[in-house]
2 protein chains.
Amino acid sequence: MDLQMRVVEAAEQSFRQFGYKGTTMENVARIANVGKGTIYTFFPSKEALLEHILNRLVVEMRAVADGSIVAGDTFFNNLERALRSVLRFRAQHELLVKLAQEGKQLGTVAVIEGMARVEEAVLNYLRKHLEAGVANGDVKPCNTELVAFIMLRTYTAILVDWESRHEPLSDDALMQVFHVVFTEGLNRTQA
Amino acid sequence: MDLQMRVVEAAEQSFRQFGYKGTTMENVARIANVGKGTIYTFFPSKEALLEHILNRLVVEMRAVADGSIVAGDTFFNNLERALRSVLRFRAQHELLVKLAQEGKQLGTVAVIEGMARVEEAVLNYLRKHLEAGVANGDVKPCNTELVAFIMLRTYTAILVDWESRHEPLSDDALMQVFHVVFTEGLNRTQA
DNA sequence: TCTGTGACCAAAATACAAAAACGGTCAGAC
DNA sequence: GTCTGACCGTTTTTGTATTTTGGTCACAGA
């Protein structure tokens, strides 16, 4: 395992556990078993280190989602399969939750900017697929940017706020709610 | 206009403008044109004053929503009419937005508790009507508590987060999105 | 020669004491 | 009996001393 990888994984773990402000470069160095200066041979600043980790996370998640998309299948089948795949990545979710919390509570600029970029990446990804879905007739015409926004917010609201008040939803239950609300709609009398 | 009314409206205005911590009892007294002691003849504490205002707000909004519900009409028509009515109450929305922000950022206990009670009231109201809708066949069977939660979160996310990044949605546009997403569902191929 | 390092520095965060502001009370004015 | 603002103990803010932190670099080891 090379030095950079050790540094990145140490930082990722520390960010997840203690947040951005709560992790010191010295501590990252200690966990990674390197000198502090070594970190700066790979990353010019703490902020750059965070950005690298978030970029990696976005690329990784996009690959996972892409991997569960089947070319010929319908938009909603693909969406639900991708959702189920993404849901498995607990560590990544924990990191994002921790950073989102820190951003709102402490207002750390680097964190807010980083999270904004992650959110933008997810929204673009969702919107792109929604538009393709609209284009090929799977999805009703709609404001795709706004719908993507609503989907993401619903996802995070359930995983963060709901589960802090009630016992966590099983993956199946979450999938089912997404299906009933977004795919089918709640209206029983056909539109 | 009697004293208590003056106090309540002064406090409401100040809470909306400066938040809970940002308003002092002395300032409320000055705006209301009363002595500070007078406030304490009506309310035993600042926290009680906030609770009174939030209770009043909940009662008021419930009355507005109830007022736009027509007994014989479908659940979704009633929902959309109620939404449109509630949407008009800008001042109340501003107060809630300000307090929600303060609760998350400063962690003020009184604010967090008060907002939790408001949210619970709204969720109960929504859930009650969703259950009635399921019972009479307008709404598909679903986890009504969770769906109520998703609807409220979507509503606030659009009004708070969306409008801070994009130009505000017109009431009509918001209604349309709600209709397409929740009522009809996004799936074009009939379920 | 080149990768990796920890003592070192300016800047930022923290801890702490003095001062100001605040929520709440109450003797008294009207 | 209603309403009030000077007053009190407590909390919050402010100014400052001290510590911690992000970042650098001269140098050690291979």
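Each chain gets a letter, A, B and so on, in the order its sequence line appears, and its residues count up from 1.
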Please report how far the helix from C:dT1-D:dA30 to C:dC30-D:dG1 bends, comparing the axis fitted to its first five pairs with the axis fitted to its last five, to the nearest 10 degrees.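 Inter-axis angle at the termini of the helix from C:dT1-D:dA30 to C:dC30-D:dG1: 20°.
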Expressed as a whole number of angstroms, how long is the span from [X]:[atom1] to [N]:[atom2]?
X        : N      : atom1 : atom2 : result
B:Phe18  : C:dC22 : CZ    : P     : 12 Å
B:Phe43  : C:dG23 : CZ    : P     : 15 Å
A:Ile39  : D:dT21 : CD1   : C1'   : 12 Å
B:Phe42  : D:dT4  : CZ    : C1'   : 13 Å
A:Glu102 : C:dA13 : CD    : P     : 12 Å

Cut-off 3.5 Å, no hydrogens considered: what does the side-chain donor-acceptor table look like for residues 106-118 of chain A, sequence neighbours left out?
{"from": "A:Thr108", "atom 1": "OG1", "to": "A:Glu102", "atom 2": "OE2", "distance (Å)": "3.4"}
{"from": "A:Arg117", "atom 1": "NH1", "to": "A:Glu51", "atom 2": "OE1", "distance (Å)": "3.3"}
{"from": "A:Arg117", "atom 1": "NH2", "to": "A:Asn55", "atom 2": "OD1", "distance (Å)": "3.2"}

Using the rule given for salt bridge (charged side-chain N to carboxylate O under 4.0 Å, His left out), can you reason through B:Arg153 versus B:Glu119, listing the C-alpha separation, both sets of side-chain angles and the distance that settles it, and then say yes or no? CA-CA 10 Å; B:Arg153 274 297 197 277; B:Glu119 189 176 297; 3.3 Å; yes
List the atom pairs, with distances to 0.1 Å, where a side-chain N or O of residues 21-38 of chain A and a protein N or O form a donor-acceptor pair under 3.5 Å, not counting sequence neighbours.
{"from": "A:Thr23", "atom 1": "OG1", "to": "A:Tyr20", "atom 2": "O", "distance (Å)": "3.4"}
{"from": "A:Thr24", "atom 1": "OG1", "to": "A:Asn27", "atom 2": "N", "distance (Å)": "3.0"}
{"from": "A:Thr38", "atom 1": "OG1", "to": "A:Gly35", "atom 2": "O", "distance (Å)": "3.4"}

Contact list for residues 137-171 of chain A, test ring pair (Phe, Tyr, Trp, His ring centres under 6.0 Å), sequence neighbours left out: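 Sorted pair list: A:His93-A:Tyr155, A:Phe149-B:Trp162, A:Trp162-A:His166, A:Trp162-B:Phe149.
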**Request:** Decide yes or no for A:Leu87 and A:Leu159: does some side-chain heavy atom of the first lie under 4.5 Å from some side-chain heavy atom of the second?
**Result:**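 With C-beta onward as the side chain, the pair touches.
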Side chain to side chain, A:Leu99 and A:Leu50, heavy atoms closer than 4.5 Å =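 The answer is yes; the side chains approach within 4.5 Å.
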Extract from the structure each pairing of a protein N or O with an N or O of nucleotides 22-29 of chain D at less than 3.5 Å, listing the distance.
{"from": "D:dG22", "atom 1": "OP1", "to": "A:Thr23", "atom 2": "O", "distance (Å)": "3.3"}
{"from": "D:dG22", "atom 1": "OP1", "to": "A:Lys46", "atom 2": "NZ", "distance (Å)": "2.8"}
{"from": "D:dG22", "atom 1": "OP2", "to": "A:Met25", "atom 2": "N", "distance (Å)": "2.7"}
{"from": "D:dG22", "atom 1": "N7", "to": "A:Lys36", "atom 2": "NZ", "distance (Å)": "3.3"}
{"from": "D:dG23", "atom 1": "OP2", "to": "A:Tyr40", "atom 2": "OH", "distance (Å)": "3.1"}
{"from": "D:dG23", "atom 1": "OP2", "to": "A:Lys46", "atom 2": "N", "distance (Å)": "2.6"}
{"from": "D:dG23", "atom 1": "N7", "to": "A:Lys36", "atom 2": "NZ", "distance (Å)": "3.1"}
{"from": "D:dG23", "atom 1": "O6", "to": "A:Lys36", "atom 2": "NZ", "distance (Å)": "2.2"}

Looking at the side chain of A:Leu3, which of D:dC3, C:dG4, D:dT4 is the nearest nucleotide?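 Selected nucleotide: C:dG4.
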We want to know whether A:Ser164 and A:Asp161 form a side-chain donor-acceptor pair, criterion being a heavy-atom distance below 3.5 angstrom.
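Short answer, no.
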Exercise for review: List for me each residue that meets side chain to side chain contact (heavy atoms under 4.5 Å, CB included) alongside A:Glu60, sequence neighbours excluded, and say none if there are none.
Suggested key: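 Scan of A:Glu60 (side chain to side chain contact (heavy atoms under 4.5 Å, CB included), adjacent residues dropped) gives A:Phe89, A:Gln92.
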